[in-house]
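Only heavy atoms go into these numbers, but all of them, side chains included; no hydrogens, no water, no symmetry mates. Note on naming: letters A, B, ... go to the chains in the order of the sequence lines (proteins, then strands), and numbering restarts at 1 for each one.
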Amino acid sequence: MTVMHSTSGHFDASGTARQRDVAYARHRPDYPGILLGAVVVLVGLKLAWLLVANPNMEWSVVAQYFNEKTVLSGLGMTLGLTVVAMLIGVLLGLLLAMTRLSANPVLRAASGLYIGFFRGTPLLVQLLFWYNLSTLFPRITLGIPFGPDLLSWNTNDLITPLTAAIVGLALNEAAYMAEIIRAGLISVDARQLETAQAFGMTRGRALRRIVIPQAMRAIIPPTGNQLISMVKATSIVSVIAMGDLLHAVQNIYNATFQVIPLLLVAVIWYLLITTVLNIVQGAIERRYARGESGSITPRRKRRAATPAAAEELP
Amino acid sequence: MSETHLAAPAKPLVCARNVYKRFGDNEVLKGINMDVNPGEVVVILGPSGSGKSTFLRCINHLETMDQGYILVGEEQIGYALRGERLHRLGARAIARQRSQIGMVFQQFNLYPHMTVLENIIEAPVGVHGRKRAEAEQLAYSLLERVGLREKADAYPRQLSGGQQQRVAIARALAIQPQLILFDEPTSALDPELVGEVLATMRDLADQGLTMIVVTHEIGFAKEAADRVVFMDGGVVVEEGKPADVLGKPQHPRTRAFLSRFI
C-alpha cells in the first residue's frame with residue numbers, strides 16, 4: 001500500500017513511496033558533456049603527439065642544455081631578481097597602501113599619484129627609462145630639497161643592468177601590491193580595528209596583530225598571482241642585457257641557431273618554478289584560513305555523499 | 001546634590017560633565033552629566049537614537065566629544081591639563097587610558113583568526129606586558145567563570161552568539177579593568193541566548209565590578225542595577241534607583257518608553 005497519497009487530487013499520486021523516492025532515481029547521463037569531453041581529449045592528444053614527435057623540437061638538444069652552466073646561472077638570476085624585486089615591491093606596497101588609507105590628504109594624494117604613474121605605463125618602458133637614467137640625470141644627489149646636498153653619485157656608476165632591473169621591477173610591483181594590500185585591509189570589518197583600539201592597542205599594533213592577519217586571506221591569492229607574473233616579467237630584463245634565464249638561452253641560440261629547443265629549456269624551467277609557487281601558495285592559503293569554518297568541508301561532504309547513495313541503486 | 005553622592009561619599013570613578021556631541025547637523029548628546037561610583041552598576045536605558053551608545057563610546061574615547069569633559073579615575077579622557085591649558089593627548093597616551101577600561105560590544109567583535117584563549121590573552125600580553133603563562137592561567141579561570149573552560153581552543157565562529165559574548169566578557173575582564181562598558185551586549189543575540197549572557201553579567205555585578213551597561217533589558221536593570229539612567233533626545237531625562245525609575249517613573253517620556261515593555 002502507498003503511504004503517500006494526495007489530499008488535493010490535483011496531481012497524479014500513484015506509485016509507492018519507494019518508487020517515488022528520489023534516492024532510487026535513474027541517473028541521466030550528460031551525453032553532450034561526454035561528447036565535448038571526448039573531443040577535447042582527442043584534440044589534446046593530437047597536439048601532444050605533434051609536439052613530442054616533431055623532430056624540430058630536438059628534445060636531445062633540450063636535454064643537453066637543460067643543466068648547462070650558463071642556463072643555470074641565468075635561472076639563478078631570474079630567481080634572485082624575482083625574490084629581491086618582490087620583497088621590495090611588497091614592503092613598498094605596504095607603505096603605499098597605508099599612506100593611501102591614512103588621514104593625511106597630502107600622503108593620500110602622493111601615493112595615489114605614484115600608483116597611477118607606475119600602473120599607467122608599460123613595465124618595458126619603465127625598465128628602459130631606468131637603464132637610460134644617466135641621460136636625464138647625469139648625477140644622482142641625496143640632500144634636502146632646495147637645501148644642501150649630502151651625498152652625490154655619478155648615475156652611470158649607480159645604474160647597472162642589475163640595479164636598473166631591480167629598481168624597475170620593484171617600483172612597478174609596489175604599485176600593484178599597494179592596491180592589493182589596500183583592498184585586503186579594507187575588506188576587514190572596521191569594528192575589528194575599533195575593538196583592538198578600545199583594548200588599548202596602538203594603531204600600529206592593531207594593524208599588525210588584528211587587521212593584517214585577517215587581511216591576508218584577501219591578500220595572498222592575488223599576491224601569488226603577482227609573484228608568478230614577476231617570475232615571467234623578469235624575462236623582460238633581457239632587453240637591457242641583464243643575464244637572466246631568457247638572456248642565457250638567447251646567448252646560446254644566437255651562436256647555435258637552435259632557437260626552439262633552447263626556448264623550450266626556458267619554458268620548462270619557468271613552468272617548474274611557477275608550479276612550485278602554486279603549490280606553496282595553496283599551503284599558505286590554508287594556513288591563513290584558520291578560524292574560518294571552511295566552505296570546503298560541506299562541498300567535500302556533498303561529493304562523498306553522492307556515490308554512497310548511488311551504490312544503493314538496485 | 002543627588003542621593004547617590006550622600007550614600008557613597010567616595011570620589012566617583014567616572015565623572016561626566018556637560019558632554020555635547022554632534023554628527024554633522026545632528027546633535028546627539030546635549031549636555032550629559034553623570035557620576036559613577038566605584039563598584040556601582042549603572043544601567044542606561046532609552047529609545048534608539050537617544051545617544052546612549054554614543055555617550056558610552058565617549059567614555060573610552062572611541063568617539064570624540066565637542067564640549068564638556070569626562071574624568072575616569074584621576075584622568076581626563078583624551079586630554080590632559082598642563083599648567084592652565086588643556087592639551088589633546090597623543091595616540092599612545094589615549095591607548096594607555098583605554099587599556100584600563102574594558103568594553104563589551106553589541107556584535108561581540110571577537111578576533112576571528114584567534115582561538116578563544118588567544119582572544120583573551122591578546123591585550124594582557126601585548127598591551128599590559130603580562131607573562132604569557134600568567135595571562136593564560138587568568139584566562140582559564142575567567143573562562144571557568146563564564147562557563148566556557150572547554151572552549152579555550154575553539155575559534156569564535158564555532159561558538160554560538162551567547163558563547164561568543166561570554167568570551168567577549170572574559171576578554172574584557174582579562175585586562176583587570178577598573179571599569180567595564182557594555183554596549184547593548186544582548187541586542188544581537190537570539191532570544192533564547194540572552195539569558196546566559198545576562199546571568200554572567202549579573203554575576204559580575206554581584207562581585208563589585210564597576211559597570212556601565214547600555215541595554216534594552218529592563219529585567220536586568222531591575223535586578224542588577226544600583227542606578228538606572230533614562231536618556232532620550234541626547235539628555236538624561238530621569239535617574240535613580242531601579243525601583244523608583246522603573247516602578248514610579250516621574251517623567252512622561254520615561255513612562256512612554258517603559259509602557260512598551262509591559
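- No more than 12 heavy atoms of other residues, nucleotides or ligands sit less than 6.0 Å from atom CD of B/Gln137.
- For B/Arg171, the parts lying under 4.5 angstrom from a heavy atom of chain A are both the backbone and the side chain.
- Using a 4.5 Å cut-off between heavy atoms, B/Ile101 touches chain A through its backbone atoms (N, CA, C, O) alone.
- In this structure, the portion of B/Asn60 lying under 4.5 Å from any heavy atom of chain A is its side chain and not its backbone.
- Across B/His113 and A/Pro213, no two heavy atoms sit closer than the pair CD2-CB, 3.4 Å.
- Only the side chain of B/Gln107 comes within contact range of chain A, judged by heavy atoms closer than 4.5 Å.
- Looking at A/Arg209, the atoms closer than 4.5 Å to chain B (heavy atoms on both sides) sit in the backbone and in the side chain alike.
- Environment of CZ in B/Arg92: sparse, with no more than 12 heavy atoms of neighbouring residues, nucleotides or ligands closer than 6.0 Å.
- Interatomic distance, B/Arg98 CZ to A/Thr202 OG1, rounded to the nearest 0.5 Å: 11.0 Å.
- Within residues 188-201 of chain A, the residues having any heavy atom closer than 4.5 Å to a heavy atom of chain B are A/Arg191, A/Gln192, A/Glu194, A/Thr195, A/Ala196, A/Gln197, A/Ala198, A/Phe199, A/Gly200, A/Met201, listed by residue number.
- Looking at B/Leu110, the atoms closer than 4.5 Å to chain A (heavy atoms on both sides) all sit in the backbone: N, CA, C or O.
- Other residues, nucleotides and ligands place more than 12 heavy atoms under 6.0 Å from the CZ atom of A/Arg205.
- Heavy-atom distances place the side chain of B/Phe105, and not its backbone, under 4.5 Å from chain A.
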